[in-house]
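Written out below as structure tokens is the structure these notes cover.
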Amino acid sequence: MLRSHFSKEVSENDYGKKIRIAGWIEDIRNLGGIAFIILRDRMGRAQITIIKRMNPELFKEIVSLPRESVISAYGLCQKNEKVMNGWELLLEDMEILSKASTPLPMGVIDKVNVDFDTRLDNRFIDLRREETKAIFMIRHSFIKHASDFLRKRGFIEVHTPKITASSSEGGTEVFKLDYFGKDAYLVQSPQLYKQILMATGFDRVYEIAWYFRAEEHDTSRHLNESTAIDIEMAFISNEEDVMKIAEEMTNYTIQKILDENSKELEILNVDIDLPSLPYPRIKYDEVVEILQREIDFKWGDDLGTDEENLLAKHLEYELYFITKFPLETKPFYAMPNGKYARAFDLEYKGMEIASGAQRIHDYEMLVNRMESLGMNVKNFEDYLKAFKYGMPPHGGFGYGIERFLMRFLNLKNIRECILFPRDRKRIRP
RNA sequence: GCCCCGGUGGUGUAGCGGUUAUCAUGUGGGCCUGUCGAGCCCACGACCCGAGUUCAAAUCUCGGCCGGGGCGCCA
């Protein structure tokens, strides 16, 4: 290997021994007779020290390398209290693995701001920065712990198709593509497939899913390609069973991130407490009441950005459910309950991060509902078939990964939470 | 789709009719044996594209392209 240790793996046991470290040259401080090279790897930084008169050729070679070049450095690991990590590597030999071109399209540690757009254009360099890296380490943790939680609760991980022939389940615009001469679409969510799976006996499934949405929205909280934790569970009494999973999963992952990612949270300046369970449930009717005290709002309207923000201002908690929506604000598959739907949104600081419901499991009821909404039932044959031969009561939710992270980390733009964002203007890199 | 704002060295900016186009960062070179936002000296490098107004345009007008903020739209 080109390294014997990562920067943070070196311990007192290694003092006085020869080690090999490898990574990117973040900075070179050449004082003439002595030079300090700051080398960065995935775990952190280390200092390489070289004295000119000990090896003039090697000295010249290393101090003339451009920043961000990749090297493997070999030498004595020497204890030194004054240096970062408490030790430094006295350079004896090095291998230049990749010389960086100059100038860099953006700095990694430069003392100037970089526009977000420039960062996205050069994402591979942006990801060398501590703050950016921290976001994705936390994203990694969130997905891992959400998966762990769901698996412990009996959920099976599934992967449903992202290309489909039937048009959308409604609402959002879809991306159309050519499938060997036939029309096909990128799925807007695994909704129809995970419901079909409820007829199989798996009972509980989850998917780290991709959502493709062709909406021309252009905001700091929308993406045209986003990811979600999608779950569906059968034999539920009502939507409350689903909400329990949503809130417990959220608290479980927050607790784990607090335990395991304190370094990243500190870098991102995030200081939060674990919310208490259960999260408050606010009925849509109560929301209307609160809103009507201040603005003109009609019962039956959907909640827009302003409404969500206004509501959040009136509440002293950050995570809460909005429940019992008017039936007409929710999609066809939501289970009716009088003029309401057995549907809920999970809101985090005034933004919807998850949305779910108990679904209709009765074939006749589902067909009637679709017809009353003017939908072409024929387009949903494959989906509806699963309801004819034994379908238990079920429900589930879609939980936006970027949305959660954006709120959890107080980020201003959802694009911060996905490696290579796809929005209306950006399809590269 | 609507409203508002902006495009100046690699990066981030100042300038808003006549400047040698500002500053920082960076890059290249020089000095320096304990730096850790190293320091000091020298150099390099830019007005998005097109048309127009004007004696004169980075600066004003129009169009285009690109971007930012907000809203709408959006399981």
Side-chain angles (χ1 to χ4, degrees), chain A residues 26-39 45-54 59 63-64 66-68 78 80-85 88 90 100-122 125-126 168-174 187-192 194-195 209 211-224 226 228 230 232 302-309 325 329-334 341 343-346 351-357 359 395-400 403 412-413 415 423-426:
Chain A
E26 189 165 273
D27 199 13
I28 297 170
R29 294 192 271 270
N30 178 4
L31 276 66
I34 188 169
F36 307 102
I37 290 89
I38 309 304
L39 194 75
R45 275 157 260 279
Q47 176 169 299
I48 297 167
T49 303
I50 181 164
I51 293 167
K52 193 177 193 175
R53 63 175 161 74
M54 308 283 275
F59 184 93
V63 299
S64 59
R67 279 181 173 188
E68 295 303 315
Q78 190 173 69
N80 186 341
E81 297 294 348
K82 282 183 279 187
V83 178
M84 62 168 83
N85 307 338
E88 62 191 333
L90 299 180
S101 293
T102 58
L104 294 163
M106 59 173 277
V108 176
I109 54 161
D110 293 4
K111 302 151 202 82
V112 290
N113 293 326
V114 188
D115 285 349
F116 191 34
D117 203 46
T118 306
R119 290 173 44 209
L120 289 178
D121 283 340
N122 301 284
I125 296 182
D126 183 41
S168 77
E169 65 249 35
T172 188
E173 297 288 324
V174 290
V187 297
Q188 57 177 273
S189 87
Q191 181 64 34
L192 305 185
K194 61 183 191 171
Q195 280 195 265
Y211 289 11
F212 299 99
R213 297 183 180 184
E215 292 298 331
E216 296 202 346
H217 39 47
D218 206 359
T219 78
S220 54
R221 53 186 192 287
H222 288 276
L223 292 165
N224 292 294
S226 67
D230 246 284
E232 201 70 22
D302 214 345
L303 304 173
T305 313
D306 291 341
E307 287 81 35
E308 283 186 312
N309 286 334
F325 280 90
T329 64
K330 289 292 169 185
F332 69 88
Y333 45 77
F344 63 87
D345 283 359
L346 177 57
M351 183 174 74
E352 176 190 332
I353 61 165
S355 163
R359 329 292 191 187
F397 60 74
Y399 192 119
R403 285 259 173 125
K412 290 200 181 71
N413 197 316
R415 293 163 182 79
D423 60 40
R424 195 170 147 202
K425 288 169 181 162
R426 183 178 283 277

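What you are looking at is a predicted structure, and each value in this text was computed from that prediction instead of being measured. Here is how names work: the chains are called A, B, and so on, in the same order as the sequence lines, proteins then strands, and each is numbered from 1.
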Could you work out which one of [options] sits closest to the side chain of [X]?
| X | options | result |
| --- | --- | --- |
| Lys111(A) | G12(B), G72(B), G37(B) | G37(B) |
| Val112(A) | U27(B), U11(B), G67(B) | U11(B) |
| Val114(A) | G26(B), C71(B), G12(B) | G12(B) |

| query | Leu39(A) versus Glu26(A): any side-chain heavy-atom pair under 4.5 Å? | reply |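 Leu39(A) vs Glu26(A): side chains apart.
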Check the interface with nucleotides 31-34 of chain B: list each N/O to N/O pair with the protein under 3.5 Å, or write none.
unit_1, atom_1, unit_2, atom_2, d
C32(B), N1, Leu31(A), O, 3.2
C32(B), O2, Leu31(A), O, 3.4
C32(B), N3, Asn30(A), O, 3.2
C32(B), N3, Leu31(A), O, 3.3
C32(B), N3, Gly32(A), N, 3.4
C32(B), N4, Asn30(A), O, 3.2
C32(B), N4, Gly32(A), N, 3.4
U33(B), OP2, Gly33(A), N, 2.9
U33(B), O4, Arg53(A), NE, 2.2
U33(B), O4, Arg53(A), NH2, 3.1
G34(B), N1, Glu88(A), OE1, 3.4
G34(B), N1, Glu88(A), OE2, 3.1
G34(B), N2, Asn80(A), ND2, 2.9
G34(B), N2, Glu88(A), OE1, 2.8
G34(B), N2, Glu88(A), OE2, 3.3

Listed by chain and number, what are the side chain to side chain contact (heavy atoms under 4.5 Å, CB included) partners of [X], not counting sequence neighbours?
| X | result |
| --- | --- |
| Thr102(A) | Pro66(A) |
| Asn80(A) | Lys82(A), Val83(A), Glu88(A) |
| Ala354(A) | Leu346(A), Tyr399(A) |

| Integer-rounded Å distance: C36(B) C1' and Ile28(A) CD1 |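 One finds 14 Å between C1' of C36(B) and CD1 of Ile28(A), rounded.
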| Interatomic distance where CG belongs to Asp306(A) and P belongs to C71(B) [whole Å] |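 It is 7 Å, rounded to the nearest whole Å.
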Donor-acceptor pairs are to be reported for all side-chain atoms of residues 103-121 of chain A against protein atoms at under 3.5 Å, with residues two or more places apart or in another chain.
unit_1, atom_1, unit_2, atom_2, d
Asp110(A), OD1, Arg67(A), NH1, 3.1
Asp117(A), OD1, Arg426(A), NH2, 2.6
Arg119(A), NE, Asp126(A), OD1, 2.9
Arg119(A), NE, Asp126(A), OD2, 3.4
Arg119(A), NH1, Glu416(A), OE2, 3.2
Arg119(A), NH2, Asp126(A), OD2, 3.3
Arg119(A), NH2, Glu416(A), OE1, 2.9
Asp121(A), OD1, Arg426(A), NH1, 3.0
Asp121(A), OD1, Arg426(A), NH2, 3.3

| query | According to a 3.5 Å limit on both distances, what stems of 3 or more consecutive Watson-Crick or G-U pairs are formed with RNA chain B? | reply |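 If one scans RNA chain B for consecutive Watson-Crick or G-U pairs, the stems found are B:1-7 with B:65-71, B:10-12 with B:23-25, B:26-31 with B:39-44, B:48-52 with B:60-64.
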| said: Ignoring hydrogens, what is the shortest heavy-atom contact between Phe59(A) and Ile51(A)? Give both atom names and the distance. | reply: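 What the structure gives for the nearest pair is CD1-C, 4.1 Å.
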| task | Kindly give the heavy-atom pair with the smallest separation between Tyr211(A) and Pro190(A), and that separation in Å. | result |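 In terms of heavy atoms, the two residues are closest at CE1-CD, 3.7 Å.
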